[in-house]
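We name chains A, B, ... by the order of the sequence lines, and we start the count at 1 in each one.
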Amino acid sequence: MSSVDRPKPRLGREFFARPTAGVAVELVGCTLWRYTAAGITAGRIVETEAYLDASDRASHAAWSKRGQDVMRRAPGTVYIYRCYGMHWMFNIVAHAPDTVGAVLIRAVEPVEGIDIMEGRRGLTEIRQLCSGPGKLCQAFDIDESLHKIDLVTSDTVWLTAGNRSEAPTLIAGKRIGITKSPELPLRFFAAGNRYVSAHRRGVPFTSEVIPSF
DNA sequence: GCTGTGATTTTCT
DNA sequence: GAAAATCACAGCT
């Protein structure tokens, strides 16, 4: 609501040029913006996952040539991945100098352009619009055409900071849908938020509250 | 509200 | 040839 009353400056290169897990934590609460011919859509990030270097067996940096290539590019670069042959995943390259890593955006809370999202998703249930990595890509019209785009300079997709006064309490847990390195607590989400994904599954909740911002 | 299952295709071993 | 960072829907409690 009030988060769009007074627009924040977009996140710059320096925001993404830090250790990957820290960027994943601080992205929760930020706003994702997307501009297309259909209009503006925006959503508040409520869930992220960090994927590290080759020592993290679930990271594409560990086994995918395509992932290795893009994840060592400039922080702030978009990494689009196709999952299970039919869903797009939206990632942001984020890492300290001379390392690799990326953050998967898993869920956002719809803020603006909800009617546009409903049309793209073929649904009107607001909780179903963006509560999952594949869902939000469909709602925001994110696909392979955004691969390797620079979030710092693009005028079709970008991010803005969250309001400090609305900073959510964060919980860390195990990442979802992976089989390698499943024990790492690299999933971060806003406590109690209804737009977080996978609220059905018995998500391993070995969680721990993390100070936000 | 919960659990199980099928769809679909690129990428890598 | 198999796995993969998922989703929607059917059917049951």
Side-chain angles (χ1 to χ4, degrees), chain A residues 16 20-21 23-25 27-28 32 43 45-73 77-95 100-110 117-148 151 157 170-190 192-207:
Chain A
F16 304 103
T20 309
V23 175
V25 166
L27 276 173
V28 178
L32 171 67
I45 297 173
V46 297
E47 179 180 0
T48 63
E49 282 179 358
Y51 287 88
L52 312 180
D53 58 24
S55 66
D56 171 8
R57 307 295 293 166
S59 172
H60 291 183
W63 55 269
S64 166
K65 199 171 179 181
R66 177 184 155 94
Q68 286 163 359
D69 170 59
V70 68
M71 285 170 72
R72 67 171 177 242
R73 284 174 179 257
T77 301
V78 171
Y79 170 29
I80 300 292
Y81 169 66
R82 188 179 202 142
C83 181
Y84 291 100
M86 58 185 117
H87 301 294
W88 299 108
M89 302 283 118
F90 178 67
N91 299 259
I92 302 167
V93 175
H95 54 74
V100 299
V103 176
L104 169 68
I105 306 301
R106 284 196 57 88
V108 307
E109 176 178 341
M117 297 184 194
E118 289 174 344
R120 289 175 180 153
R121 294 274 295 122
L123 296 167
T124 56
E125 246 181 301
I126 190 163
R127 276 175 65 192
Q128 296 301 324
L129 292 179
C130 304
S131 55
K135 297 178 187 178
L136 76 88
C137 282
Q138 188 179 21
F140 279 74
D141 193 26
I142 290 171
D143 61 24
E144 195 166 29
S145 67
L146 297 186
H147 187 54
K148 292 184 179 176
L151 277 176
V157 58
L170 293 197
I171 297 180
K174 297 176 180 177
R175 292 174 294 184
I176 293 178
I178 59 168
T179 56
K180 302 165 191 162
S181 298
E183 72 285 354
L184 300 176
L186 291 175
R187 172 180 179 238
F188 308 102
F189 58 97
N193 190 285
R194 294 181 73 69
Y195 299 92
V196 167
S197 74
H199 37 79
R200 315 189 308 178
R201 285 172 252 177
V203 181
F205 231 68
T206 28
S207 336

**Q** Without decimals, in angstroms, what is the distance between A:Glu47 CD and C:dA5 C1'?
**A** 11 Å

**Q** Taking CZ from A:Arg57 and P from C:dA4, how many angstroms apart are they, rounded to a whole number?
**A** 12 Å

**Q** Quick one: are A:Leu123 and A:Lys135 in side-chain contact, heavy atoms under 4.5 Å?
**A**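 Sidechains of A:Lys135 and A:Leu123: no contact.
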
**Q** Classify the nucleic acid contact of A:Ile178 as base, sugar-phosphate or nothing, counting any heavy atom under 4.0 Å across all strands shown.
**A**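 Sugar-phosphate, no base atom in range.
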
**Q** Within this structure, what is the CD-CZ distance for the pair A:Glu144 and A:Arg82, rounded to the nearest 0.5 Å?
**A**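 Between A:Glu144 CD and A:Arg82 CZ, I get 7.0 Å after rounding to 0.5 Å.
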
**Q** With DNA chain C as reference, determine whether A:Lys180 or A:Leu123 sits nearer its 5' end, using the nearest nucleotide of each.
**A**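 The answer here is A:Lys180.
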
**Q** Just the rounded figure in Å: distance from C1' of B:dC12 to OH of A:Tyr81.
**A**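 To the nearest whole Å, that distance equals 10 Å.
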
**Q** What heavy-atom pair brings A:Phe188 and A:Ala50 nearest, and what distance separates the two atoms?
**A**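 Taking A:Phe188 first and A:Ala50 second, the nearest heavy atoms are CE1-CB, 4.4 Å.
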
**Q** Taking the side chain as C-beta and beyond, is there a heavy-atom pair between A:Ile80 and A:Asp143 under 4.5 Å?
**A**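 Counting from C-beta outward, A:Ile80 and A:Asp143 never come under 4.5 Å.
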
**Q** From C-beta outward on A:Leu104, which listed nucleotide comes closest to its side chain: B:dT8, C:dT6, C:dA5?
**A**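 Of the options given, the side chain of A:Leu104 lies nearest C:dA5.
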
**Q** A:Glu125 CD to C:dC9 P: how many Å, rounded?
**A** 10 Å

**Q** Check the side chains of A:Arg121 and A:Gln138 for a donor-acceptor pair under 3.5 angstrom, ignoring hydrogens and angles.
**A** yes

**Q** Quick check for you: among C:dA5, B:dA7, C:dA8, whose closest atom lies nearest to any side-chain atom of A:Lys135?
**A**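 Nearest to the side-chain atoms of A:Lys135, counting from C-beta on, is C:dA8.
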
**Q** Any donor-acceptor pair, under 3.5 Å, between the side chain of A:His60 and the base of C:dA5, if you only look at N and O atoms?
**A** yes

**Q** How long is the line joining NZ of A:Lys65 and C1' of B:dT13, in whole Å?
**A**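 About 14 Å, once rounded to whole Å.
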
**Q** Look at the side chain of A:Tyr79 and decide which nucleotide, out of C:dA8, C:dT6, C:dA5, has an atom nearest to it.
**A** C:dA5

**Q** To the nearest 0.5 angstrom, please state how far the CE atom of A:Met89 sits from the CG atom of A:Leu136.
**A**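 The distance works out to 8.5 Å.
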
**Q** Centroid distance below 5.5 Å plus an interplanar angle below 30 degrees: do A:Tyr51 and C:dA5 meet both conditions?
**A**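 According to the criterion (under 5.5 Å, under 30°), yes, A:Tyr51 stacks.
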
**Q** Out of curiosity, A:Asn91 CG to A:Glu49 CD, how far, rounded to the nearest 0.5 Å?
**A** 9.5 Å

**Q** How close or far is atom P of C:dA2 from atom CH2 of A:Trp63, stated in whole angstroms?
**A** 17 Å

**Q** Roughly how far, to the nearest 0.5 Å, is the CZ atom of A:Arg57 from the CH2 atom of A:Trp63?
**A**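 Result: 11.0 Å between the selected atoms.
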
**Q** Please classify the nucleic acid contact of A:Ser64 as base, sugar-phosphate, or nothing, using heavy-atom distances under 4.0 Å.
**A** sugar-phosphate

**Q** If only side-chain N and O atoms of A:Arg121 are considered, is one of them under 4.0 Å from the OP1 or OP2 phosphate oxygen of C:dC7?
**A**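 Looking at the OP1 and OP2 atoms of C:dC7, neither is under 4.0 Å from any side-chain N or O of A:Arg121.
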
**Q** Would you please enumerate the stems DNA chain C participates in, each stem being three or more consecutive Watson-Crick or G-U wobble pairs with both distances under 3.5 Å?
**A**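 Ordered by first number, the stems with DNA chain C (at least 3 consecutive pairs each) read B:1-7 with C:6-12, B:9-12 with C:1-4.
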
**Q** Quick check: on DNA chain B, is the nucleotide nearest A:Met86 upstream (toward 5') of the one nearest A:Glu144, or the reverse? Name the residue that is more 5'.
**A**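 Nearest nucleotide further toward 5': that of A:Met86.
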
**Q** So does A:Thr179 get a side-chain nitrogen or oxygen closer than 4.0 Å to the phosphate oxygens (OP1/OP2) of C:dA3?
**A** no

**Q** Calculate the interatomic distance between A:His87 atom NE2 and C:dA3 atom P; express it in whole Å.
**A** 19 Å

**Q** Provide, to the nearest angstrom, the distance between the CH2 atom belonging to A:Trp88 and the C1' atom belonging to B:dT8.
**A** 13 Å

